[in-house]
Amino acid sequence: MNNKTILLILLISPAIVLGLSTLAFTFGYGPVATKNYGTFFEKSFSVHSMENLEDNPGANFSGRTWVLGIYGDDFKDLEQAMYVMKQVNIALNRDIYKLDRYIFFNSFSNLDYVKEQFPRVILQKEADSSLRADLETFSEDSFFETDKIFLLDPYGRAVMYYDLKGIDPKKLLKDLKVLI
């Protein structure tokens, strides 16, 4: 074989691979599922209409940090959720400042207890019930039937959620490391 034949093979092979992969994708051959461990909302939606509390700067979705949040009204196992969120935040190691922990609520009865026990959790009061309605509308199952932790992107859009009962913090951490 001479050098021109080898050069021709080297130049044509990437085009063949690209063409075959494009055809495979066009005809529906490809990955069926994702590797995410959480459940995606049917449609991402923005979190808005929040009131600032007196000791809280409020939700600032400026494109810098991801948010792990819970909806505090009628939340059954608050301590477990705070523990999981704290451990995941600590396990991020050098990326610890790229994740914030929030409790969103409309009428939360344990406000003083949460401020005392979980000082680094940001409390965010809703001006209306739009977040609660959106969480229920865009989840695959009944969102408030069980306790769930949800994830917001840096621009304030709800992306996915995790059921607190069957959550594996290592899998949540893997998802976050891919995103961050």
With a 4.5 Å limit on heavy-atom distance, are the side chains of Asn106 and Arg132 in contact? no
List the steps, then state whether side-chain contact (heavy atoms from CB on, under 4.5 Å) holds for Leu92 with Lys177. CA-CA 8 Å; Leu92 282 172; Lys177 285 192 173 194; 4.2 Å; yes
For a 4.5 angstrom cut-off between non-hydrogen side-chain atoms, does Ile103 reach Met82? yes
Indicate yes or no for a side-chain donor-acceptor contact from Asp153 to the backbone of Tyr155 under 3.5 Å, with no hydrogens or angles considered. yes
For Pro14 and Leu11, the nearest pair of non-hydrogen atoms, with its separation, is CD-O, 3.6 Å
In Å, rounded to the nearest 0.5 Å, how long is the span from CG of Leu23 to CG of Leu18? 10.0 Å
Rounded to the nearest 0.5 Å, what separation is found between the CD atom of Glu136 and the OG atom of Ser142? 4.0 Å
Any heavy-atom pair between the side chains of Ile70 and Lys148 that's under 4.5 Å? no
Report the C-alpha separation of Asn36 and Val178 in whole Å, then their side-chain angles, then the decisive distance to 0.1 Å, and conclude whether the side-chain contact (heavy atoms from CB on, under 4.5 Å) test is met. CA-CA 9 Å; Asn36 301 1; Val178 168; over 6 Å; no
Taking the side chain as every heavy atom from C-beta outward, state whether Val88 and Pro169 have any pair of such atoms under 4.5 Å apart. yes
Exam field: side chain Asp175 to backbone Tyr37, donor-acceptor pair closer than 3.5 Å: yes
Separation between CG of Leu152 and CG of Leu99, rounded to the nearest 0.5 Å: 10.0 Å
Check whether more than 12 heavy atoms from other residues, nucleotides or ligands sit under 6.0 Å from atom CD of Glu79, and answer yes or no. yes
How many angstroms lie between NZ in Lys165 and OG1 in Thr146, if you round to the nearest 0.5 Å? 8.5 Å
Identified ring pair (Phe, Tyr, Trp, His ring centres under 6.0 Å) counterpart of Phe144 within the set Tyr161, Phe75, Tyr71: Tyr71
Any donor-acceptor pair under 3.5 Å linking the side chain of Asn2 with the backbone of Thr5? yes
Between Phe104 and Tyr102, is the ring centre distance below 6.0 Å? yes
Under 3.5 Å donor-acceptor, Glu126 side chain and Leu131 backbone: yes
Where Glu140 and Glu42 come nearest, the two heavy atoms and their spacing: CA-OE2, 4.0 Å
Backbone of Val67 reached by a side-chain donor or acceptor of Asp100 within 3.5 Å: no
hydrophobic_cluster_shared for Tyr83 and Leu78, side chain cutoff 4.5 Å: no
Ring pair (Phe, Tyr, Trp, His ring centres under 6.0 Å) with Phe138: of Phe41, Phe143, Phe45, Phe150, only one passes, and it is Phe45
Between Lys4 and Leu8, does a side-chain contact (heavy atoms from CB on, under 4.5 Å) hold up when you go through it step by step? CA-CA 6 Å; Lys4 289 183 180 181; Leu8 185 63; over 6 Å; no
Donor-acceptor under 3.5 Å (Lys125 side chain, Phe105 main chain): no
Which distance, rounded to the nearest 0.5 Å, do you find between the CG of Asp163 and the CD1 of Ile149? 9.5 Å
With side chains defined as the heavy atoms from C-beta onward, is the minimum distance between Arg64 and Lys98 less than 4.5 Å? no
Any chance you could measure Asn89, atom CG, to Trp66, atom CH2, to the nearest 0.5 Å? 14.5 Å
Before you tell me yes or no, could you show the steps for Met160 and Thr39 under side-chain contact (heavy atoms from CB on, under 4.5 Å), namely the whole-Å CA-CA distance, both residues' side-chain angles and the distance that decides it to 0.1 Å? CA-CA 5 Å; Met160 63 183 351; Thr39 306; 6.0 Å; no
